[in-house]
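What follows is one structure encoded as structure tokens, with my remarks underneath.
Every chain is numbered from 1 and lettered A, B, ... according to where its sequence line falls, protein lines coming before strand lines.
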Amino acid sequence: MKTTRRKLLILLPAAAVAWKYVLAGTPEQAPNYTMTDHWWGMLIDISKCIGCGNCVRACQTENDVPDGYFRTWVELYHRSDWHLENPIVISPDGGKEGFPSMKPDPDGEYFFVPKLCNHCADSPCTQVCPVGATFITPDGVVLIDQTYCLGCAYCVQACPYGCRYIHPTKRVADKCTLCYHRITKGLTTACCENCPTGARQLADLKNPNDPIHKFLNTHKVQVLKPQMATGAKVFYNDLDGSVR
Amino acid sequence: MNGFKDIEHLFRFAGLFVIAILVFLVVRGFIVPKSFGEYGHYRAAAIPQIAALPLHYAGHQACISCHSDIQAVKSKGMHAGVNCEACHGALEKHVLDPINVVPVKLNTAVLCVRCHAASAAKPKSFPQVNAAEHANGIACETCHNPHSPAIDAGGTK
């Protein structure tokens, strides 16, 4: 068939309209979920973490995280009494297979620190994205629109907590979604679901009945790198000052 | 009027500019997704797309809605706070098709020490054992019921 100029001029707008619907995607709203009713965060109780790595494995299963990349990981800190500000930190394979047994150290302390995206209210990562591919939702979860992401990795550099990576096959930025596909259905995140000691708790700050409020009022709770003023929403109880 | 002499040749140029701007606006109208800017400088339709990702872990409520007998044992023991899938793994497929997708029997020799192997890094109050000294190769469930692990709560079942 010979393509005349007339046919081409008819075809081009039709293709443009079709492309518009490809880009718009197929929205599928979760029932009974109103974004403005929630403001999500997480509570991590260091004094309960046993470093089993269940959260890391659960996250990789739930979110198809490629091997060697982590949306959440666990660090083992060894803080010596002689070098308070220079702890020794290990995280073999993100703590996925647990940690080697440690012998008691009379001159120091061992503890586990699980880490994940802090879902910051004023996040540097969303501010630097040149195309609007990463953003904070009205319910306080920092997400990535992977159909829009260019893979420039500016956000990977901007995150002060090192929570982002470039997906090895998709070549776009990837990170914790706070299991957005679970929390919008009334479930908890995969890491919290699988934490055997309850060291990780999903928290909805807009829900007045959420136990987070009582916990925050009765415990000394910190966030990581408060000096960055990122508005981090992952709260750590019993956090040692040496944790970076 | 000398300054505006031969001004006509600029009209065609200005016309090209106007056309280029119009083309830009039309193209932009088509390629910028409809939901862009609904909540902020991003595509709002990405939110329900991410929310629609498939589940792998079914959640504790899904487990106990059928296995209420296990829950009755578990809720009285030390493992009351441990959700089923923390040991049994991701079982959304089993929830969707309980007859054909059956979870595998777990090996307690591997599973229990994941949490309970002794280490100075663990909280002091957490029950820890040196597996080699404690059991000497005997499977954990010989003495402990994994769903309610205190010895007086009974062994295998």
| Mind checking what makes ring-ring contact (aromatic ring centres under 6.0 Å, His included) contact with Tyr110(A), not counting sequence neighbours? |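 ring-ring contact (aromatic ring centres under 6.0 Å, His included) list for Tyr110(A), sorted by chain: His78(A).
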| Is there a donor-acceptor contact under 3.5 Å linking the side chains of Thr189(A) and Arg200(A)? |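 Short answer, no.
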| query | Glu141(B) and Thr108(B): side-chain donor and acceptor closer than 3.5 Å? | reply |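 Yes, Thr108(B) and Glu141(B) have a side-chain donor paired with an acceptor closer than 3.5 Å.
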| said: Sub-4.5 Å heavy-atom contacts with chain A: which residues of residues 55-63 of chain B show up? | reply: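 Counting heavy atoms that sit under 4.5 Å from chain A, the residues of residues 55-63 of chain B involved are Leu55(B), His56(B), Tyr57(B), Ala58(B), Gly59(B), His60(B).
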What part of [X] gets within 4.5 angstrom of chain B, counting heavy atoms only: side chain, backbone, both, or neither?
X	value
Leu76(A)	side chain
Ile183(A)	neither
Val141(A)	neither
Cys179(A)	neither
Thr137(A)	both
Thr126(A)	neither

| query | Does Trp40(A) have Lys233(A) sitting over its ring (NZ/CZ under 6.0 Å from centre, angle to axis within 45°)? | reply |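 Verdict for Trp40(A): no cation-pi partner in Lys233(A).
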| task | Measure distances from Ala90(B) to the heavy atoms of chain A and classify the residue's part below 4.5 Å as side chain, backbone, both or neither. | result |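 When you check distances to chain A, only side chain atoms of Ala90(B) fall under 4.5 Å.
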| said: Suppose we screen for salt bridge (charged side-chain N to carboxylate O under 4.0 Å, His left out). Which residues come up paired with Asp67(A), at least two apart in sequence or across chains? | reply: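 Expected list: Lys96(A).
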Residues 9-32 of chain B, side-chain donor-acceptor partners within the protein, below 3.5 Å, at least two apart:
unit_1, atom_1, unit_2, atom_2, d
His9(B), ND1, Asp6(B), O, 2.5

